Amino acid sequence: MPSPQTIDGLNDRFANPAVVKIVAGNGGLPKVQITSPVASAEIYLHGAQLTSWRPAGSEEVIFLSEQSRWEEGRAIRGGIPVCFPWFRAKADDPEAPAHGFARTRIWQLESLAQEEDSVVVTLATESDEESRKWWPYEFRLAHRITVGAALKLELIVFNAGAIPFRFEEALHTYNRVGDTGKLRIAGLGQVTFLDNRDGNLAKLQAGDVLLAQATDNAYIDTQNAVEIIDPTLRRRIRLEKQGSLTTVIWNPWSNGAAALADLGDDEWRQMACVEASNILGNAVTLAPGEEHTMTATLCVAEESN
């Protein structure tokens with residue numbers, strides 16, 4: 001009998017061959033492959049990371065680098081990485097992995113279910129000896145991904161220990177776009193942001209966000225929906241969120257991309273990260289036994305000429 005966590009074992013437990021199966025993805029890493037009448041998607045157990053979502057009749061919505069390294073212990077460049085329990089570098093430990101350890105862990109596939117036209121995939125991970133090397137708290141983390149005409153991601157953090165803890169989190173969404181320099185990102189006008197390229201100096205956003213250089217902005221105290229208006233691909237990608245008070249916008253531009261070995265030199269032109277998050281002063285504190293859910297929902301609207 002196959003082991004429950006091998007690809008054969010996972011298929012025995014979860015697969016519905018007409019819609020969902022578990023296959024060997026890039027680097028042999030297991031992934032959930034979904035093909036339904038309303039959407040297709042791919043989700044790796046490595047990092048509980050969605051790497052593709054394509055609603056029926058639409059082009060691919062999620063950017064994935066052709067240079068990404070598909071290895072255990074390494075982050076996948078692109079898709080929607082889960083950043084937890086810190087964002088960017090760890091403030092008190094420069095040796096700790098950037099954006100936390102969740103995105104490089106092998107998560108457990110807990111359930112697959114069909115709800116009307118959607119497929120719901122739930123993955124989970126929890127504190128162990130390895131996580132305690134970096135962060136000394138007891139936690140359980142679940143990522144529930146609903147794949148349909150819209151894409152819904154729920155990141156659920158539970159404090160399983162006896163003391164409170166404070167954490168940062170992000171669903172680091174790499175949106176696939178036609179031309180970064182021609183985008184407008186609407187919904188953040190008159191919102192204060194912290195510019196990480198300028199010492200996290202507080203600034204006020206005037207109108208739509210236009211990307212014309214390396215950008216790493218954390219828009220704070222905002223629950224606004226945000227739209228990426230993409231004239232090249234003639235579509236809008238809309239992000240709605242709950243349980244999130246920070247929205248991060250990131251693009252490394254040409255100089256930053258050249259410094260990233262797992263990002264092609266020109267790939268920055270086809271990506272724009274717009275992220276539901278809780279970081280910096282919007283980090284979350286959980287008491288023992290408490291749970292926090294952050295939700296990000298993406299939908300796509302085609303634009304006429």
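Just so you know, these numbers use all the heavy atoms, side chains as well, and skip hydrogens, waters and symmetry mates. Keep in mind that what you see is a predicted model, and the values were worked out from it rather than measured.
For Ser131 (side chain) and Asp128 (main-chain N/O), a donor-acceptor pair under 3.5 Å exists by modelled atom type. Looking at Ser68, its side chain never comes within 3.5 Å of a backbone N or O of Glu66 through a donor-acceptor pair. Although no hydrogens or angles enter the test, the distance criterion places no donor-acceptor pair under 3.5 Å between the side chain of His292 and the main chain of Val157. Of the possible polar contacts, one joining the Gln49 side chain to the Ile76 backbone as a donor-acceptor pair under 3.5 Å is found. A distance-only check finds no donor-acceptor pair linking the side chain of Asn217 to the backbone of Val248 [under 3.5 Å]. Proximity of a side-chain donor or acceptor of Thr215 to a complementary backbone N or O of Gln213 within less than 3.5 Å is detected. Side chain of Asn159 to backbone of Ile163: a donor-acceptor contact under 3.5 angstrom is found. Between the side chain of Asn224 and the backbone N or O of Gly187 there is at least one donor-acceptor pair closer than 3.5 Å. Of the possible donor and acceptor atoms, one in the side chain of Trp268 sits under 3.5 Å from a partner among the backbone N and O of Asp265. A donor-acceptor pair under 3.5 Å is absent between the side-chain atoms of Asn175 and the main chain of Ile237, judged by distance alone.
Using modelled atom types, one finds a donor on one side chain and an acceptor on the other under 3.5 Å when comparing Lys241 with Thr247. The closest side-chain donor-acceptor pair between Arg54 and Ser40, if any, does not fall under 3.5 angstrom. Between the side chains of Thr293 and Glu154, no donor N or O sits under 3.5 Å from an acceptor N or O. A donor-acceptor contact closer than 3.5 angstrom is absent between the side chains of Ser277 and Glu168. Side-chain atoms of Arg269 and Thr180 form no donor-acceptor pair, as typed in the model, at a separation below 3.5 Å. There is no side-chain donor-acceptor pair under 3.5 Å between Arg132 and Tyr137.
Under 4.0 Å is where a charged nitrogen must lie from a carboxylate oxygen, and between Glu227 and Arg238 at least one such pair does. The pair Arg184-Asp230 fails the salt-bridge criterion, with no side-chain N (NZ, NE, NH1 or NH2) lying under 4.0 Å from an Asp/Glu carboxylate O. The residues Asp262 and Arg69 are annotated as not salt-bridged, no charged nitrogen and carboxylate oxygen being separated by less than 4.0 angstrom. Looking at Glu110 and Arg140, a side-chain N of the basic residue comes within less than 4.0 Å of a carboxylate O on the acidic one, giving a salt bridge.
Between Phe158 and Phe139, the distance from one ring center to the other does not fall under 6.0 angstrom.
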*Give the C-alpha distance, both sets of side-chain angles, the deciding distance and a yes or no for salt bridge (charged side-chain N to carboxylate O under 4.0 Å, His left out) between Glu303 and Arg236.*
CA-CA 7 Å; Glu303 297 267 273; Arg236 294 178 179 231; 3.3 Å; yes
*Is there a side chain to side chain donor-acceptor pair (under 3.5 Å) between Asn282 and Thr246 once you walk through the steps?*
CA-CA 7 Å; Asn282 293 131; Thr246 320; 3.1 Å; yes
_Evaluation steps, ring pair (Phe, Tyr, Trp, His ring centres under 6.0 Å), between Phe165 and Trp135_ = CA-CA 10 Å; Phe165 60 66; Trp135 201 60; 4.8 Å; yes
_From CA spacing to verdict: side chain to side chain donor-acceptor pair (under 3.5 Å), Ser65, Glu267_ = CA-CA 7 Å; Ser65 173; Glu267 286 188 317; 2.6 Å; yes
*asked:* Test salt bridge (charged side-chain N to carboxylate O under 4.0 Å, His left out) on Glu59 and Arg176; report intermediate values, then the result.
replied: CA-CA 9 Å; Glu59 293 191 44; Arg176 179 178 171 268; 3.3 Å; yes
*Where do Val177 and Thr232 land on the side chain to side chain contact (heavy atoms under 4.5 Å, CB included) test, with the steps shown first?*
CA-CA 8 Å; Val177 300; Thr232 305; over 6 Å; no
*Evaluate ring pair (Phe, Tyr, Trp, His ring centres under 6.0 Å) for Trp70 paired with Tyr44, printing each intermediate quantity in order.*
CA-CA 10 Å; Trp70 302 91; Tyr44 278 78; 4.9 Å; yes
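The neighbour count for Asp195 CG, taken as heavy atoms of other residues, nucleotides or ligands under 6.0 Å away, is above 12. Crowding of Glu72 atom CD: a count of heavy atoms from other residues, nucleotides or ligands under 6.0 Å not exceeding 12.
Each of Gln114, Lys152, Arg144 was evaluated against Val120; a single residue qualifies, Arg144, per the side-chain contact (heavy atoms from CB on, under 4.5 Å) test. Residue Ile34 forms a side-chain contact (heavy atoms from CB on, under 4.5 Å) with just one option from Ile43, Leu112, Ile145, and that option is Ile43. When each of Glu169, Glu275, Met294 is tested with Ser244 by the rule side-chain contact (heavy atoms from CB on, under 4.5 Å), just one qualifies, namely Met294.
Using bins of under 30°, 30° to 60° and over 60° for the plane-to-plane angle, the ring pair Trp86/Phe101 lands in the perpendicular bin. The aromatic rings of Phe87 and His172 are tilted relative to each other, their planes meeting at an angle between 30° and 60°.
With values rounded to the nearest 0.5 angstrom, Leu204 atom CG is found 11.0 Å from Leu188 atom CG. The NE2 atom of His99 lies 5.0 Å from the SG atom of Cys83; values are rounded to the nearest 0.5 Å. Asn26 CG to His46 NE2: the interatomic distance, rounded to the nearest 0.5 Å, is 11.5 Å. Taking CG from Leu151 and CG from Leu298, the interatomic distance works out to 5.5 Å, rounded to the nearest 0.5 Å.
A heavy-atom distance below 4.5 Å is found between the side chains of Ile185 and Val274. With a 4.5 Å cut-off on side-chain heavy atoms, Val147 and Val38 do not count as touching. Within the 4.5 Å cutoff, side-chain heavy atoms of Pro81 are placed close to those of Tyr174. Within the 4.5 Å cutoff, the side chain of Phe193 has no heavy atoms near those of the Ile220 side chain. Taking the side chain as every heavy atom from C-beta outward, Leu211 and Ile249 approach each other to under 4.5 Å.
Residues Gly281 and Arg166 share a closest heavy-atom pair of O-NH2, 3.6 Å. The two residues Ser127 and Glu138 have their closest heavy-atom pair at OG-OE1, 3.0 Å.
With sequence neighbours left out, the side chain to side chain donor-acceptor pair (under 3.5 Å) criterion links Glu130 to Lys133.
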